[in-house]
Number of protein chains: 4
Amino acid sequence: MSIVQGEKHEAILDAAYSLFGSKGFYETKMSDIAEIAGIAKGTIYLYFKSKEELFTAVTRRDCGQFLDSMRAALKIVGFEERLQVLADRHLRYYYERKEHTKLFFRTPNNDPDLMEFMHQFFREYTKLVQDVLEEGGIAEPGLHAESFIGMMDRHKMDIMMNPSFNEQELEKRSYFVASLFLHGCMAAEESGRPVLVNRSQQQ
Amino acid sequence: MSIVQGEKHEAILDAAYSLFGSKGFYETKMSDIAEIAGIAKGTIYLYFKSKEELFTAVTRRDCGQFLDSMRAALKIVGFEERLQVLADRHLRYYYERKEHTKLFFRTPNNDPDLMEFMHQFFREYTKLVQDVLEEGGIAEPGLHAESFIGMMDRHKMDIMMNPSFNEQELEKRSYFVASLFLHGCMAAEESGRPVLVNRSQQQ
Amino acid sequence: MSIVQGEKHEAILDAAYSLFGSKGFYETKMSDIAEIAGIAKGTIYLYFKSKEELFTAVTRRDCGQFLDSMRAALKIVGFEERLQVLADRHLRYYYERKEHTKLFFRTPNNDPDLMEFMHQFFREYTKLVQDVLEEGGIAEPGLHAESFIGMMDRHKMDIMMNPSFNEQELEKRSYFVASLFLHGCMAAEESGRPVLVNRSQQQ
Amino acid sequence: MSIVQGEKHEAILDAAYSLFGSKGFYETKMSDIAEIAGIAKGTIYLYFKSKEELFTAVTRRDCGQFLDSMRAALKIVGFEERLQVLADRHLRYYYERKEHTKLFFRTPNNDPDLMEFMHQFFREYTKLVQDVLEEGGIAEPGLHAESFIGMMDRHKMDIMMNPSFNEQELEKRSYFVASLFLHGCMAAEESGRPVLVNRSQQQ
DNA sequence: CATGAATGAGCGTTCATTCAT
DNA sequence: AATGAATGAACGCTCATTCAT
């Protein structure tokens, strides 16, 4: 009956992800997590110091996967193509978490470690976007990165709250965002050109 | 010793704004609010049904003032000028609330009325931005409005968290955002022109 | 706009009787009573010192009416006839208060004055029954009175809780009780006689 | 230092019985019960869902013991003897709880479970009495049972409130009640016979 | 007499965390 | 490592009563 190292650790994270995401931080009880994970309540504390730390760990794993997947997807050439990838992955991230909205809207309110981690994550993500912009020769890449991320992120409400939001809508949206970022809202008037190819329209 | 109508109502809102803003929702006790407002605990409940409702009322007043001031400031002509005003007021809103960051980051997690109000506020604000864009002849004003708001809003982190962020920085930032939204990140390369006059640089 | 003396006093008692009876003591708020009575909350305190005192006053009026009506009804001759009247009135008292059961089952739990009054009422009522018995030549009238009252009172559950309990049932029950008290449960075996005439069977 | 199974459960019930009985339901605080039981406040909630449920559990245990003891005592022959046992046990129940009068007079006012249990207990007790009467060949055993219980129960006031009420008084009272129930108040006049032997007078 | 705005004491319950086994 | 029984701090809300007008 030997247990694979880390098996419980993962089981707890999985259970916590599922419950925190669907019910929210405050509405989730440690005992519920233990039950779903199939272990005793006290056992959680062998792996995680506190409920907040567990939430932070869940977030950390989730955000880490996001950054990893983003980095992998960015291993292509072409500035505009990479911008498009950023938009697509960012929006898709929320799209894939439609059933776990509470990970974003019902989080612990007062945990220094979580805030510290989120800050660091934002820095890291901003840096990643910034690097893409820099390689594209964009000036003030820091400010541009912040703005781009803001533009993308605003659409999470539509994506997560709107039940009829589908894959096609998603691609249209990411194309829109990347295009707007590149050429501004007056692009059409100024040149008439859609510079990016909207892949979803190609299909 | 006649009491001005609504005096207590205001006193409670003021005290709540101050405490919710500086300590956050969950960390603020009703008894603290009563003490600051100079009244008895039970009196709060004559004016507000619950702690959540009080927080929502604080938010409502604050957001209302924001929209009012925004609407007043938009009574000017010129599309780009009005865009600039949007960016300036949006960023300034956070700038003026540097001491009340918890109004945004430590809010009640699960209050239907607050969520309903925030939704409505977002709709209203989006509509306001959308109207500006429509008058400027921008296509897809809804998506553009969302994106613009996102771009602006992202900068709240820098504004609120960075203690050395000052007025000049603020104006540079709002100019940057409006300009990016208008012409995109490739504007410089594409035309070399800064279309908007950065007022903070004129001074 | 002159107000008849005691009009408000009565209005409060009426409102309190209605609410205490239908919702119970703890579930009734002074403000509700004031509203029903058509006066201000504070005004109740001009007439009654406290919620408990008001409940006691309601009880006092109700029990007083009971005793008065009982005394009037007992102005007849014949021991068995008077016993029958006792049973009939006792059971009828609950029958007429089917909509006000909470007067008996949700009373203040800890009010000395109410307890004192109830004791006195019981004494008085017991004395009244006792007098009937004494005049009927029954030995140990005190113990007999207690027992008779207990016998009668036990049937209040059936009367108040059973929605289909009707007038005829009531008369059968009061006849049963009086008869049992007179001759015991072995009466039939001992003599075969129903001594009392069951008026409801005469009809 | 091994802990006997159910030890805490019993300790809580004992503490609650003692406090509820002497001070009443509303006047007893959960923290007091915990203190008397020698445990932490929260521990009570591992065993009982609420204060109301705890009161109901206390009542349940107490009433259960009453019925058990009654059933055991009824394992004798002879109708009149068994009637006498009923009266004796019933009155003795109150006699033994002279220090816990509040179990009967200061109970929760509005608890569905307690009311349900009391109803069931009354039904069960009534059934038990009814069975005795039926075996004695008494007609209408249901109504007779109700009446007999009412007769007996009425004497609880004297027993509990009168500090000088003693064992001898108790036996006289139970003899009186059983005798009255058997032969009615006119028994003496009708036959001159005391059918039951008053055991307390034999001694 | 009448009002009704203001008061503030009072308490059941939850649940993250600990620690003896 | 694993358990789960025990802990106890923490707090929103009600509502009978008062009293200035």
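Letters A, B, ... mirror the listed sequences (proteins, then strands); counts begin at 1.
In this structure, CZ on B/R60 lies 12.5 Å from CG on B/D62, to the nearest 0.5 angstrom. Atom CZ of C/F55 and atom CG of C/L103 lie 5.5 Å apart (nearest 0.5 Å). With values rounded to the nearest 0.5 angstrom, D/M160 atom CE is found 9.5 Å from D/H100 atom NE2.
Nearest-nucleotide positions on DNA chain E place C/G38 closer to the 5' end than the other of C/G38 and D/E52. Nucleotides of DNA chain E nearest to C/G42 and D/G42 differ in position, and the one nearer the 5' end is that of C/G42.
Out of F/dT7, E/dA5, F/dG4, the shortest distance to the side chain of A/A40 is found at F/dG4. When distances are taken from the side chain of D/L46 to each of E/dA5, F/dA6, E/dT13, the shortest belongs to F/dA6.
Residues forming a side-chain contact (heavy atoms from CB on, under 4.5 Å) with B/K23 (at least two apart in sequence, or on another chain): B/L19, B/E27, B/T28, B/D32. Under the rule for a side-chain contact (heavy atoms from CB on, under 4.5 Å), the partners of C/F122 that lie at least two apart in sequence or sit in another chain are C/M118, D/R154, D/M157. Take C/R61 and apply the side-chain contact (heavy atoms from CB on, under 4.5 Å) test, not counting sequence neighbours, and it matches C/E10, C/L13, C/D14, C/Y17, C/Q65.
Across the protein-nucleic acid pair, A/F55 atom CZ and E/dA16 atom C1' stand 16 Å apart, rounded to whole Å. When the C1' atom of E/dT13 is taken as reference, atom CG of D/L54 falls 14 Å away, rounded to whole Å. Counting to the nearest Å, the P atom of F/dA1 and the CD atom of A/E7 are 14 Å from each other. With rounding to whole Å, B/I39 atom CD1 is found 6 Å from E/dT7 atom P. Between A/H9 atom NE2 and F/dA2 atom C1' the separation is 16 Å, expressed in whole Å. Taking atom CD1 of C/I12 as the reference point, atom P of E/dC1 lies 11 Å away to the nearest angstrom. Going from atom NZ of D/K8 over to atom C1' of F/dA6 covers 7 Å, rounded to whole Å. The distance from atom CZ of A/F48 to atom P of F/dA2 is 13 Å, rounded to the nearest whole Å.
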Side chains of residues 38-46 of chain C: which donor-acceptor partners sit under 3.5 Å, not counting sequence neighbours?
| residue | atom | partner | partner atom | Å |
| --- | --- | --- | --- | --- |
| C/T43 | OG1 | C/A40 | O | 3.4 |

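Taking every heavy atom of residues 14-35 of chain A and every atom of DNA chain F, no pair lies under 4.0 Å.
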Q: For DNA chain F, produce a single dot-bracket line, 5' to 3'. Pairs: Watson-Crick or G-U wobble, both distances under 3.5 Å. Symbols: ( ) within strand, [ ] crossing, | other strand, . unpaired.
A: .||||||||||||||||||||
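Listed pair A/T43 / F/dT3 meets the phosphate criterion, a side-chain N or O lying under 4.0 Å from OP1 or OP2. For the OP1/OP2 pair of E/dG12 and a distance below 4.0 Å, the side-chain nitrogens and oxygens of D/K41 include no atom meeting the criterion.
Side-chain atoms of D/K8 never come within 3.5 Å of backbone atoms of D/A37 as a donor-acceptor pair (strictly under, hydrogens ignored). Here the side chain of B/K102 pairs no donor or acceptor atom with the backbone of B/F20 at under 3.5 angstrom.
Rounded to whole Å, the separation between the P atoms of E/dC1 and F/dT21 comes to 23 Å.
Between A/F66 and A/E96 there is no side-chain heavy-atom pair separated by less than 4.5 Å.
Using a 4.0 Å heavy-atom criterion, one finds that A/K51 contacts the sugar-phosphate atoms exclusively. Here A/Y47 lies in heavy-atom contact (under 4.0 Å) with sugar-phosphate atoms only.
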